[in-house]
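Labels below follow one simple rule: chain letters A, B, ... track the order of the sequence lines, proteins then strands, and each chain is numbered from 1.
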Amino acid sequence: MTKNLRVKSSEYIDETNRISFKFNGKSYHGFKGDTLASALLANDVHLVGRSFKYHRPRGIMTSGSEEPNAIVQVNPGTSRTEPNVRATEVEIYEGLEASSQNCWPSVEFDIGGINNFLSPFFPAGFYYKTFMWPASFWEKYEFFIRHSAGLGKSPTSSDPDIYDHRNIHCDVLVVGAGISGILAAKNAAKNNFKTLLVDEKNELGGSTILENNEFNKIDNKTSSEWLKKEIKELKNIKNLEIKTRTSVAAYHQYNYLLARENLTDHLEAKDKTNKIRQRLLKIRAKKVILATGALERPLIFNNNDRPGIMLSSAVKKYSEFYGVACGSKNVFFTNNDSAYESAMSLYNKGINVEAIIDIREQSESKIVKKVKEAGIKIYWAHSIVDTTGYKRLNSISIMKLSNDGTSVSGSKISISCDCLGVAGGWTPAVHLYTQSGSKLKFDEEKQIFLPNQNTSEQISVGSCDGDFKIDEIIKNLNQKLKDILNIYETNLDSIKVEIDQENSKRNIWLLPSDKPLGKTKPFVDYQNDATAKDIKLALREGFRSIEHVKRYTTTGMGTDQGKLGNMHALGIIADTANVKMGELGTTTFRPPYTPLTFGTIVGRNVGKFFDIFRRTPMNDWHVENKAEFENVGQWKRAWYYPINGETMHQAVQRESKAARESAGILDASTLGKIDIQGSDASEFLNRVYTNAWSKLAIGKCRYGLMLNEDGMVYDDGVTTRLGENHYIMTTTTGGAANVLGKLEDYLQTEWPELDVYLTSVTDHYATASLCGPNSKKILKKIIPDLDLSDENFPHMSFKEAKIGNIQCRIMRISFTGEHSYEINVQASYGKDLWEKCMEAGKEFNITPYGTETMHLLRAEKGFIIVGQDTDGTMTPIDLQMDWIVSKKKYDFIGKRSLYRSDTTREDRKQLVGLLTDDPNIVLEEGAQIVSELNQSPVEMLGHVTSSYFSPNLNKSIALAVVRGGKDMMGKKLFVPMENQNINVTVSNPVFYDEKNERLNA
Amino acid sequence: MFLINCPYCGERDQQEFKAGGEAHIERPKQPTELSDDEWAEYLFMRKNIKGVQFERWNHAHGCRKWFNMVRDTSNDEIKAIYKMGEKPPSQ
Ligand SMILES: [Zn+2]
């Protein structure tokens, strides 16, 4: 029963290369050069999908990337499957499988098709109106909507393909390789501009290589013949790179464009392996020439969506380019001469054309005469009022159209047909043009939007600039090329064009039917099933802005972004609201022009390369010793070291006890380190920290708090004076890059007079922090000749020393409250240092501990962690750290803000300790704190910022920020949780060794 | 994606830069002399205009230098770029 509609051989189809493929499980064959669409049409398959809302049967409408209906799932059920692919763009290969989308159980019998009969109940805004109430039903609605929504399925296994990115810098980028693009690229390259020509198709030539009629001649050849010669010459031009199967997705400012180059989608599976599938080209062009062509418009009439109803230009392309007849009884419906060219193209190939329905009163152009001579019946001033055929068009009914185009009259004529080519004129493809920020104007005469104001070095040429006739195209292209390339002559100067073509058109956005609009289905957006009725309803309901109508009716919201129907939607709105189209504006065309795969967007940045990891020099040791890791910014930090199947809690309790009872060791290499030098280094520190630095002696360390100019705590850390004009600053792990940036900013912009140099040395050093009562003994074993007495090496001081031959910097500073040393060595010796400490500490049961134990130990001491106990709204006063704010210094960053009326409020949130009445209950970090349980609504006083079970105190401890907390010492508060209200008491945030006696233990 | 002409390195992609807000807001030399309102003016008040705006930019992934830019926010045209400390070009 399958017919073969391959009617004539084509130079673009290799009939010696037969290819078999499957569609919806059934095997078919086509030839090398076919798209899935052309191969299906050759097999007389028109029904390829179902529409989104009504599940109406839909067929192939176009031959390009603007296709709204023929959207398929490629290679379903495999890791290479891809949804929402346009059958008109898939080049077939041996083994290709594709299936219809949005239908269940099959495209032939689709249960959702019942929506079509229920359509009176699915008006515009149906989802908004229906599912709003009752609110409690939303969950049920959501379930239903999720099952009905969605086109296609995403793959469930990981993508086996490789994707790539490439940066391209060129003098001239030409987008589109039709006649205008080819001539532009040729002239640019010949004038020594480094030129890139891209086209989304696999062949160059655009629509002009299909122009074979004698009314259209260049240098005495048909335009297709002439262009083919030009294309041949292109291949040998220096400075010219040509990329086919390359679709420009986005045109950003400053001539930055993103294009997707398709490298393997047209190859058999065996040839795809280990090759780059798609490459994202990031193009920065000095000049851009847009030659994106024009898209043919459909006509909007009752039941204009049946399989078999196509664009006239597509019917022509399938016959000229692919040698396929789209039907055996073809009819055209038109408002201009284009359909006559398509009809003649079919006629010349022996394909039957039954009739042409023309809404114009008359046309006397040469091509019309030719059609008359061919004996094809023309119905002037007629319009289609209805069509029949559920899964395939089988007839149309036409009636006489009134002079004003708003009604039909007379008797109804029925014409039997299986393919209808519709020609509604041409819409310049200005999508990329507007993406670049350039502005359009509406041409009331031609009824099209045209480029108006270019923002950058760009021009639009050919039909995307409104030139539809070859003579106009070449004349205007010639002048524009001379202007943008700054050249005086081109090869276009001597071209002779003979043309006998007419552009008469009768534009009617919505064609009338004998039935009222409420009873008809004139589709404007095919993919989303928006009809003219929906648009009028939206206007009646008060929507005026085109952007609102678009969202309410979903017109133009599909994967095709309404490339075919947007103009009609605008036209219908303008007609109904009685405004001029030019005043209505147009919707925004957003990138991408055609959908991009996620693979293309991310390129090589997948798996291990998704984000970089930073690892400390000791990392291998942590891995060997089974540490669990936590991410701190990009760093992988050892979190805790479980032994014998310990839980995190057990490991942390053990590590915390060991660090206080004997010795612990922490990898502190991730702390930010900034080397500060220059004769004004001390003054600089005075200005960036809250405390005073001028009197810090060489060899001493000091803790500093850094504020933002608004007085809020920004970062903290210990800075050591290494020499008269030399300091090393440490920052928090996460804050390192920002602190450096902030310091550089002040140095360059506010205080350029200061002689200070900053260098990030975070990665240059590895740091082991040795802590606990036995840390001194361990260090003594490693460096026997260093005097570790409190007199020679007191707390908050620094020594240079040598471990063997290795130079090291040792700071006696403590973040745990224990006697501790931070030993810094050149990064490459980090692991050796660590192992030496472990070896020397063995007899003291030295215990490596991770970030979790570090957090617990410092919480016992009430030391803050910036970013955990602070959140950008805490001043040092709020933190009860008044002691670190110098009263004497005239100025420092943030000082003035500390006595703004807001920062001096008594009822600000302040850092306090919290003790649970039941010492075994550990509060949740982030839990809210209240003073009343029986109030509603209850005032939130603050929240828990840090909370642990302290093994050293054998009770739960927490830090919290509480409104007015400073004056609440001993007050009872509540932490209400889902299952219980926890009673807590406000306490001093220092829970352990308040007198700091252990520092010198 | 802008193409920004760093005064030290030349034309580079916007990805390499960080925007730093309004330009020519000098940190007061004597903050303690200012009233709350005057300090708030320096601290919080920034212009957000449609049209020509003076901005600070930093070549963060390049030479790390700060510089000034004059940009028309309505169409993102970069009208001028000049170094810190230099006078803004007259309109
Ligand atoms: Zn630079």
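Closest heavy-atom contact between Tyr82(B) and Pro88(B): OH-CB, 3.3 Å.
Ranking Asp13(B), Asn58(B), Asn75(B) against chain A, the residue ahead of the rest is Asp13(B), based on heavy-atom pairs under 4.5 Å. Ranking Ala737(A), Ser901(A), Gly437(A), Ser897(A) against chain B, the residue ahead of the rest is Ser897(A), based on heavy-atom pairs under 4.5 Å. Contacts with chain A were tallied for Lys65(B), Gln14(B), Lys18(B), Glu26(B); Lys65(B) has the most, counting heavy-atom pairs under 4.5 Å. The greatest number of non-hydrogen atom pairs below 4.5 Å with chain A, out of Gln30(B), Met84(B), Glu77(B), is found for Gln30(B).
Using a 4.5 Å cut-off between heavy atoms, Asp891(A) contacts chain B through its side chain alone, with no backbone atom that close. Only the side chain of Tyr746(A) comes within less than 4.5 Å of a heavy atom in chain B; its backbone stays farther off. Contacts of Ile25(B) with chain A are made by backbone atoms alone, with heavy-atom separations under 4.5 Å and no side-chain atom involved. Of the atoms belonging to Trp66(B), heavy atoms from both backbone and side chain fall under 4.5 Å from chain A. Residue Tyr251(A): no heavy atom, backbone or side chain, is found under 4.5 Å from chain B. Of the atoms belonging to Asp745(A), heavy atoms from both backbone and side chain fall under 4.5 Å from chain B. Both the backbone and the side chain of Asp36(B) come within contact range of chain A, each with at least one heavy atom under 4.5 Å from a heavy atom of that chain. For Leu3(B), the parts lying near chain A are the backbone and the side chain together; criterion is any non-hydrogen pair under 4.5 Å. Proximity to chain A (any heavy atom under 4.5 Å) is restricted, for Arg56(B), to the side chain, taken from C-beta onward.
A 6.0 Å sphere centred on NZ of Lys888(A) holds no more than 12 heavy atoms belonging to other residues, nucleotides or ligands. When the shell of 6.0 Å around NZ of Lys286(A) is examined, it contains 12 or fewer heavy atoms from other residues, nucleotides or ligands.
We find that Asp164(A) and Arg604(A) are joined by a salt bridge, their nearest charged nitrogen and carboxylate oxygen being less than 4.0 Å apart. For Asp710(A) and Arg900(A), the salt-bridge test fails: no basic side-chain N is under 4.0 Å from an acidic carboxylate O.
Residue pairs meeting the salt bridge (charged side-chain N to carboxylate O under 4.0 Å, His left out) criterion with at least one partner in residues 748-758 of chain A, sequence neighbours excluded, are Arg687(A)-Glu753(A). The stretch residues 37-51 of chain B participates, sequence neighbours left out, in these salt bridge (charged side-chain N to carboxylate O under 4.0 Å, His left out) pairs: Glu22(B)-Lys47(B).
Using modelled atom types and a 3.5 Å distance limit, the side chains of Asn255(A) and Gln458(A) yield no donor-acceptor pair.
Side-chain atoms of Ser886(A) do not come within 3.5 Å of backbone N or O of Thr690(A) as any donor-acceptor pair.
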